[in-house]
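Contents: one structure, followed by commentary.
Computed from a predicted structure; not experimentally measured.
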Amino acid sequence: MLLRGPRVIRGDRVIDEADVRIDAETGQIEAVGDLDPRGGERSVDLVGRTVTPGLVDAHIHFSLSGERSVEDVVGMSDAELTLVEARNARKTLEAGVTGARVMGARDIDVALKRAIDAGDVPGPRTVANCRSITITGGHGHHMGREIDGPTEARKAVREQVKLGADFIKFMTTGGVTTPGSDPGAVAFTEEELHALVDEAHRRGVHTATHAHGGEGVKAAIRAGVDTVEHGTFLDDEAIDLFLERDATLVPTLSAPYHIVRNTEAATREDVAKTETVYDRHIESFKLAVEAGVRIAGGTDAGTPFNVHGGNASEVQFMAQHAMEPLDAIRAMTETAADAVGLDDCGVVEPGAYADLLVFDDDPLSDLTVLNDPTAVLKGGRVVAGAVPGAVSGGE
């Protein structure tokens with residue numbers, strides 16, 4: 001199939017009226033540029049429209065659906081939670097997110113990933129975790145893996161990899177949504193952090209850490225963590241460590257945004273914590289961007305009032321507070337794909353998967369356009385909306 005003449009947002013540049021050829025058998029992009037139609041090739045006129053890579057959400061929770069509290073979910077059976085995850089995966093894909101790193105709940109995410117890969121369940125290309133590792137009683141303990149000491153830390157990592165985890169997530173600090181947990185406090189010991197990261201890297205998987213407080217961020221980066229989630233209270237030393245160790249920040253600006261705008265419905269403790277961190281979170285994000293820290297877009301979708309399907313708003317938040325629109329889009333496409341290990345995703349390049357979004361209008365002129373793609377393609381097949389002459393489902 002040949003997409004004729006759209007404006008193509010391609011990494012850090014924009015190409016006007018480029019053609020995109022898709023290999024229907026492999027689902028990959030064959031060529032981009034000034035291309036002549038082949039005999040018998042299906043050609044789709046997209047002149048005046050814009051094509052971007054599919055979004056990649058580097059931090060998402062399919063097990064949560066924007067409930068007021070995680071307590072509303074912990075009582076679900078595995079069967080019930082699996083159905084919730086499948087529903088949220090479909091919503092996410094249809095909203096234009098063609099790649100996602102899913103942050104773990106019990107051990108369901110890896111099973112969902114296998115079902116998506118097999119074509120049994122619609123969803124984005126998935127990098128899956130099993131259970132987030134936390135201290136006993138720590139943030140996320142409800143559906144996480146509690147550990148005490150470096151020996152248990154290594155065992156927990158080995159368990160996750162055995163079950164099929166693509167990466168290891170651990171909670172270096174407390175969090176907003178776990179009652180009694182302090183977002184600024186460091187949870188793990190230095191020995192535990194080094195054991196977690198070292199064992200994960202020895203097993204060939206990358207590491208991600210939930211970390212709000214600056215001391216926790218610095219401890220995790222010194223231990224060698226690959227991505228820091230949230231990074232709410234950054235200081236100059238933390239920024240320098242990001243740059244020195246080449247770590248990536250996933251700021252998740254969407255999460256506190258939705259809580260502070262739903263204070264009447266949120267729990268009292270969540271509101272109090274979020275109001276304390278909100279402005280500081282934005283300030284830390286600005287400091288990181290200005291210093292040149294690598295930023296990958298992630299929404300924390302599923303957290304209170306942060307529903308699936310609104311993922312593109314994270315691009316708007318990043319642009320509103322510090323980034324140029326093109327840089328914000330790249331953060332949640334190419335950079336996010338690279339950070340989470342989704343090879344050949346997040347770009348419009350020959351050899352990459354034809355995971356593409358089509359828009360009637362130009363997202364760079366108005367980023368809210370990203371909220372409503374005209375068509376979503378995954379592997380060259382239309383999975384939501386429609387393009388001229390195309391049938392939904394890719395038939």
Side-chain angles (χ1 to χ4, degrees), residues 1-35 37-38 41-44 46 49-58 60 92-102 113 116-117 119 122-128 166-167 206 248 294-298 311-312 315 326-359 363-364 370 373-385 387 390 394:
M1 180 168 65
L2 186 64
L3 307 181
R4 299 297 307 275
R7 189 180 196 218
V8 177
I9 294 178
R10 191 175 182 181
D12 60 352
R13 59 198 172 107
V14 178
I15 304 176
D16 290 320
E17 297 191 6
D19 303 321
V20 181
R21 173 167 282 125
I22 298 171
D23 186 323
E25 291 188 6
T26 66
Q28 294 174 302
I29 296 170
E30 185 178 334
V32 181
D34 186 7
L35 308 174
R38 294 169 176 166
E41 182 178 36
R42 182 181 179 187
S43 182
V44 180
L46 294 182
R49 294 179 171 86
T50 300
V51 167
T52 75
L55 297 179
V56 177
D57 194 325
I60 196 169
T92 300
L93 176 63
E94 292 175 351
V97 178
T98 56
R101 182 174 62 171
V102 189
K113 174 189 174 174
I116 292 172
D117 289 347
R125 302 183 194 278
T126 298
V127 178
D166 297 311
F167 72 103
H206 76 268
T248 300
R294 185 188 302 110
I295 306 293
N311 311 66
V315 178
L326 184 59
D327 294 332
I329 291 174
R330 190 181 187 190
M332 205 161 170
T333 52
E334 181 179 4
T335 306
D338 181 64
V340 307
L342 278 172
D343 297 334
D344 299 322
C345 294
V347 293
V348 185
E349 299 288 351
Y353 289 112
D355 298 346
L356 305 171
L357 306 183
V358 179
F359 299 95
L364 290 177
L370 292 172
T374 304
V376 179
L377 284 72
K378 179 185 174 187
R381 296 172 62 87
V382 178
V383 295
V387 294

Could you check if a side-chain atom of [X] sits within less than 4.5 angstrom of a side-chain atom of [Y], using non-hydrogen atoms only?
X	Y	result
V56	V97	no
V387	L3	no
I22	L356	yes
F167	V127	yes
K378	P122	no
L377	V358	yes
T98	L93	yes

Exercise for the section: Report yes or no: do T335 and R330 form a side-chain donor-acceptor pair below 3.5 Å? Expected result: no
Handout entry: Rounded distance [0.5 Å steps], CZ in R381 versus CE in M1
Key = 10.5 Å
Problem - Between CG on residue D327 and CD1 on residue I295, distance to nearest 0.5 Å - result: 10.5 Å
Distance-only, no hydrogens or angles: does the [X] side chain make a donor-acceptor pair with backbone N or O of [Y] under 3.5 Å?
X	Y	value
E334	V347	no
D23	E30	no
T126	A128	no
K113	D166	no
D19	D34	no

Closest approach of [X] to [Y] (non-hydrogen atoms, all atoms of both residues):
X	Y	result
A336	A296	CA-CB, 3.8 Å
T92	P124	CG2-CG, 4.3 Å
P363	T52	CG-CG2, 4.4 Å
P37	R4	CG-NH1, 3.1 Å
T333	G54	CG2-O, 3.6 Å

Practice task
For salt bridge (charged side-chain N to carboxylate O under 4.0 Å, His left out), just list the numbers for D355 and R125, CA-CA rounded to whole Å, side-chain angles, deciding distance to a tenth of an Å, and then say yes or no.
Solution key: CA-CA 10 Å; D355 298 346; R125 302 183 194 278; 2.7 Å; yes
Exercise for the section: Kindly write out the residues that satisfy ring pair (Phe, Tyr, Trp, His ring centres under 6.0 Å) with Y353, not counting sequence neighbours, or none if the list is empty. Expected result: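 Result, ring pair (Phe, Tyr, Trp, His ring centres under 6.0 Å) vs Y353: none returned.
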Problem - Worked check of side-chain contact (heavy atoms from CB on, under 4.5 Å) between I29 and V20 - result: CA-CA 7 Å; I29 296 170; V20 181; 4.1 Å; yes
Exercise for the section: Starting from the C-alpha separation in whole Å, work towards a yes-or-no answer on side-chain contact (heavy atoms from CB on, under 4.5 Å) for V44 and L2. Expected result: CA-CA 6 Å; V44 180; L2 186 64; over 6 Å; no
Practice task
Could you give me the CA-CA distance, side-chain angles and deciding distance for V51 and F359, then say whether side-chain contact (heavy atoms from CB on, under 4.5 Å) is met?
Solution key: CA-CA 6 Å; V51 167; F359 299 95; over 6 Å; no
Output a table of donor-acceptor pairs, distance under 3.5 Å, between side-chain atoms of residues 5-14 and any protein atom two or more places apart or on a different chain; print 'none' if there are none.
| from | atom 1 | to | atom 2 | distance (Å) |
| --- | --- | --- | --- | --- |
| R7 | NE | D16 | OD1 | 3.1 |
| R7 | NH1 | D362 | OD1 | 3.0 |
| R7 | NH1 | D362 | OD2 | 2.4 |
| R10 | NE | V348 | O | 3.0 |
| R10 | NE | E349 | OE1 | 3.3 |
| R10 | NE | E349 | OE2 | 3.1 |
| R10 | NH2 | E349 | OE1 | 2.7 |

Exercise for the section: Could you pull out all residues at least two apart from R21 that satisfy side chain to side chain donor-acceptor pair (under 3.5 Å)? Expected result: E41
